[in-house]
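Order of the sequence lines sets the chain letters (A, B, ...), proteins ahead of strands, with each chain counted from 1. Fair warning: this is a prediction, and the values are worked out from it, not measured in the lab.
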2 protein chains.
Amino acid sequence: MANIQQVAQKAGVSVATVSRVLNNNTTVSPETRLRVENAIKDLNYEPSMLGRNLRNSESRLLLVLIPSISNPFYSEIINGIQNTAIANNYNILLCETDSNPERENIYFNMVKNKLADGIISMDPAVNMQKLYELAENHPIILCSEYDEGGSLPYVTIDSELAAYHAVKHLIKLGHKNIALINSDEKFLYARQRRAGYEKALKEFDIPVHKEWIYNTIHVDFQDGVQAMRKLFQSNERPSAVFAVSDTLAIGALKEINVRGLKVPEDMAIVGFDKINFSNMTNPTLTTVAQPMYEMGCVAAGMLMNSIKGIRVDSIILDHELIIRESTMG
Amino acid sequence: MANIQQVAQKAGVSVATVSRVLNNNTTVSPETRLRVENAIKDLNYEPSMLGRNLRNSESRLLLVLIPSISNPFYSEIINGIQNTAIANNYNILLCETDSNPERENIYFNMVKNKLADGIISMDPAVNMQKLYELAENHPIILCSEYDEGGSLPYVTIDSELAAYHAVKHLIKLGHKNIALINSDEKFLYARQRRAGYEKALKEFDIPVHKEWIYNTIHVDFQDGVQAMRKLFQSNERPSAVFAVSDTLAIGALKEINVRGLKVPEDMAIVGFDKINFSNMTNPTLTTVAQPMYEMGCVAAGMLMNSIKGIRVDSIILDHELIIRESTMG
DNA sequence: TTGAAAGCGCTAACAT
DNA sequence: ATGTTAGCGCTTTCAA
């Protein structure tokens with residue numbers, strides 16, 4: 001593998017000139033440029049990012065922190081991040097924490113070690129204190145989950161309003177006995193979605209029924225199955241369920257199906273996220289769409305601006321209720 | 001951010017000694033080591049990977065090429081790759097090609113530019129010629145899809161045998177009219193799975209029925225839906241379907257459900273991959289399990305060995321037929 | 001328009 | 001056991 005020295009020698013110029021050609025610096029005469037370009041081709045030269053990165057003290061890598069790569073919710077966001085990053089000559093380092101603090105530490109160190117220029121965190125279980133420490137020296141953007149009242153910029157949706165819309169939809173359909181399958185309320189989005197749920201109920205004078213609120217540990221399919229099993233054990237069975245994630249809703253739907261009940265006749269169900277799969281269930285799933293791709297693009301844009309030293313402001317994007325078979329007979 | 005110089009100065013030693021401490025070199029006296037460690041703590045020093053990487057001319061990054069991050073099949077493989085990589089002080093650069101040659105080029109350049117030390121390619125649509133060019137100077141491992149008779153090391157399963165097992169299972173159940181939803185046969189795995197399908201049929205003297213073989217462009221849910229629609233238009237309707245991917249099978253299942261038919265009574269169905277979701281459908285999906293996590297671990301291990309200069313041999317892992325409701329009344 | 005040279009932060013060969 | 005020093009490949013300032 002040739003280096004810049006050899007190219008310079010072959011072209012009969014200095015390394016500085018080669019560098020100028022590489023970086024499209026205008027102050028190179030057309031003839032010189034041609035000579036250098038030919039030398040580059042002849043030697044099959046590819047500039048080393050290792051040297052360039054050290055010199056520029058940047059890695060042009062964005063670290064993306066997600067709890068689990070298996071959750072389809074993140075796929076589209078990552079798509080958006082990656083497309084935006086690539087368009088700006090950045091790349092992403094996808095890091096799965098499994099909500100494991102040790103893992104998290106490894107990743108945080110990558111930023112400290114200059115292996116990444118900044119972080120987009122989508123992990124609700126992230127150690128906020130450490131994140132703030134890191135933020136003193138490194139650009140950080142929160143995506144989806146954020147720190148209410150904190151100083152870290154974020155891009156997200158209005159979870160409370162979205163949940164309110166979802167539950168109101170069920171109420172309008174005539175449901176009064178509406179269960180909530182929520183995730184762990186140590187997460188902000190979980191608290192917000194519960195607030196939206198309760199707000200809708202209160203607006204229509206429907207009492208909140210503790211027995212119908214179930215909190216899961218994770219948001220995998222199996223957690224939805226478990227939650228639904230529990231709900232079937234309650235004294236009075238609810239007639240509708242709002243789950244704060246499609247994966248949970250799909251698990252719940254599975255359990256309802258297993259029991260031979262009909263959706264939506266016996267039990268209506270609303271999910272959250274509009275993952276691809278939510279359209280393949282039987283019946284198809286009513287859900288709250290988040291603009292995931294856009295969220296990713298915005299987050300990446302914010303982070304790159306932040307790296308450049310431009311101040312960025314938090315953004316709240318719109319959601320949309322997608323009404324499908326699981327609430328429509 | 002402090003650098004190694006400042007640490008050396010603070011500790012009253014040379015940079016070489018600091019480097020020795022950082023790299024756990026034994027030839028440092030306990031007292032000196034302590035002084036250095038204190039200086040590191042005091043200055044909050046973190047070694048820069050930029051400098052280290054340039055010096056060692058390595059990036060300790062593995063480039064992982066996948067067609068689409070949304071396909072759950074890859075999630076588990078990536079998990080395996082990442083865990084193995086991290087355990088060896090490597091990290092992964094997840095690159096989605098969308099089977100777009102331009103994207104691919106960007107990623108290939110990252111290796112040429114030393115931004116990654118090697119490649120694990122899982123993209124069936126990868127440009128093999130370019131891959132071989134790259135392989136002259138850089139370690140490359142193929143995962144899942146490979147180049148039959150080629151020289152690039154791979155880890156995969158025996159697709160033909162797996163398909164044979166799946167179809168034989170249907171035949172043993174009494175099916176004779178078995179459709180095949182295959183992906184594009186420009187892919188090796190598609191050709192192999194078709195061969196397995198035909199082999200099973202031939203073994204039981206069942207003629208191959210062209211009308212019952214459908215080739216999709218991609219392997220998304222929607223492709224499965226389309227395929228099933230087409231199969232419903234054939235003169236004689238098949239009584240069973242073997243789809244070469246769970247996503248296709250799930251799409252097909254959806255279409256069967258929409259038409260009000262029962263699975264497996266009216267139509268049995270077998271998928272391939274055992275993605276998480278295949279257990280959440282109604283009915284649950286009979287499928288061929290690939291050891292995806294292990295595949296990822298093995299691929300990463302092979303690549304890291306290859307980077308070290310160790311010769312690696314291709315590996316074929318075992319598959320397993322998982323019989324569930326979609327073929328069991 | 002071009003070149004010389006310093007230096008980004010680190011490691012390792014060599015010297016002591 | 002420790003220090004000196006060259007150099008990894010590049011960009012950029014300064015000088016010509």
Side-chain angles (χ1 to χ4, degrees), chain A residues 1-40 43-61 89 109-117 137, chain B residues 1-40 43-61 89 109-117 137:
Chain A
M1 290 270 98
N3 62 20
I4 199 172
Q5 293 269 18
Q6 298 167 291
V7 174
Q9 196 168 0
K10 174 124 193 165
V13 297
S14 73
V15 291
T17 302
V18 178
S19 176
R20 288 187 187 105
V21 171
L22 290 174
N23 295 289
N24 279 315
N25 197 311
T26 44
T27 68
V28 181
S29 78
E31 307 86 53
T32 313
R33 162 154 310 192
L34 198 66
R35 281 222 312 289
V36 171
E37 280 166 349
N38 284 334
I40 288 176
L43 294 172
N44 221 335
Y45 167 73
E46 296 282 346
S48 159
M49 291 305 155
L50 264 27
R52 176 177 291 176
N53 288 349
L54 173 59
R55 171 62 217 220
N56 295 342
S57 57
E58 63 173 11
S59 66
R60 297 203 83 81
L61 252 29
N89 261 302
N109 275 331
M110 293 173 61
V111 181
K112 290 189 192 159
N113 295 339
K114 306 264 187 192
L115 226 172
D117 295 339
N137 293 300
Chain B
M1 290 270 100
N3 61 20
I4 200 172
Q5 293 268 17
Q6 297 166 291
V7 174
Q9 194 168 1
K10 176 124 191 164
V13 297
S14 72
V15 291
T17 301
V18 178
S19 177
R20 288 187 187 104
V21 171
L22 290 174
N23 295 287
N24 279 315
N25 197 311
T26 44
T27 67
V28 180
S29 78
E31 307 85 54
T32 313
R33 162 154 310 193
L34 199 66
R35 281 222 311 288
V36 172
E37 280 166 350
N38 284 334
I40 288 175
L43 295 173
N44 221 335
Y45 167 73
E46 296 282 346
S48 159
M49 290 305 155
L50 264 27
R52 174 177 292 176
N53 288 349
L54 173 59
R55 172 63 218 220
N56 296 342
S57 59
E58 63 172 12
S59 66
R60 297 203 82 80
L61 253 28
N89 260 301
N109 275 331
M110 293 173 63
V111 182
K112 291 189 192 160
N113 296 338
K114 306 262 185 194
L115 226 172
D117 294 340
N137 294 300

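- Between B/V21 and B/V7 there is no side-chain heavy-atom pair separated by less than 4.5 Å.
- Atom CD of A/Q6 is separated from atom P of D/dG7 by 15 Å (rounded to the nearest Å).
- In this structure, CG of B/N24 is placed 16 Å from C1' of C/dA12, rounded to the nearest angstrom.
- What separates CE of B/M49 from P of D/dG9 is a distance of 20 Å, to the nearest Å.
- Between A/L54 and B/V13, the residue anchored closer to the 5' end of DNA chain D is B/V13, taking for each the nucleotide with the nearest heavy atom.
- When heavy atoms are screened at a 4.0 angstrom cut-off, B/S57 is found touching no nucleic acid atom at all.
- We find that CG of A/N23 is positioned 13 Å from C1' of D/dG9, with the value rounded to whole Å.
- Atom CG of A/L43 is separated from atom C1' of D/dG9 by 15 Å (rounded to the nearest Å).
- The distance from the CD1 atom of A/I4 to the CG atom of A/L43 is 12.0 Å, given to the nearest 0.5 Å.
- Separating the CD1 atom of B/I4 from the C1' atom of D/dG3 is a distance of 13 Å, rounded to the nearest angstrom.
- Within 4.0 Å of B/L50, counting heavy atoms only, lies no atom of the nucleic acid at all.
- Here B/R52 reaches the OP1 or OP2 of C/dT11: one of its side-chain N or O atoms lies under 4.0 Å away.
- Note on B/T17: every side-chain N or O is 4.0 Å or more away from OP1 and OP2 of D/dA1.
- The side chain of A/S29 contributes an N or O atom lying less than 4.0 Å from OP1 or OP2 of C/dT2.
- Taking side-chain N and O atoms only, A/S19 has no distance below 4.0 Å to OP1 or OP2 of D/dT12.
- Listed nucleotides: D/dT2, C/dT11, D/dC10. Nearest to the side chain of B/V28: D/dT2.
- Every residue meeting the salt bridge (charged side-chain N to carboxylate O under 4.0 Å, His left out) condition with B/E58, not counting sequence neighbours, appears here in chain and number order: B/R60.
- In this model, the phosphate group of C/dG9 is not approached by any side-chain N or O of B/S48 to a distance below 4.0 Å at OP1 or OP2.
- Atom pair A/E31:CD and C/dT1:P shows a separation of 10 Å (rounding to whole Å applied).
- Close to C/dC10, at under 4.0 Å from its OP1 or OP2, lies no side-chain N or O of B/N53.
- Using a 4.0 Å heavy-atom cutoff across all strands shown, B/V18 reaches no nucleic acid atom at all.
- Among D/dT5, D/dT12, C/dC10, the nucleotide with an atom closest to any side-chain atom of A/N56 is D/dT12.
- Taking atom CD of residue B/Q5 and atom C1' of nucleotide C/dG7, one finds them 11 Å apart after rounding to whole Å.
- Taking the side chain of A/R55 as heavy atoms from C-beta on, and the options C/dT11, D/dG9, C/dG3, the nearest nucleotide is D/dG9.
- No side-chain heavy atom of A/N3 sits less than 4.5 Å from a side-chain heavy atom of A/S48.
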Could you walk me through whether B/R33 and B/N24 pass the side-chain contact (heavy atoms from CB on, under 4.5 Å) test, one step at a time?
-> CA-CA 10 Å; B/R33 162 154 310 193; B/N24 279 315; 4.1 Å; yes

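- In this structure, B/N25 contributes its side chain and B/T27 its backbone to a donor-acceptor pair below 3.5 Å.
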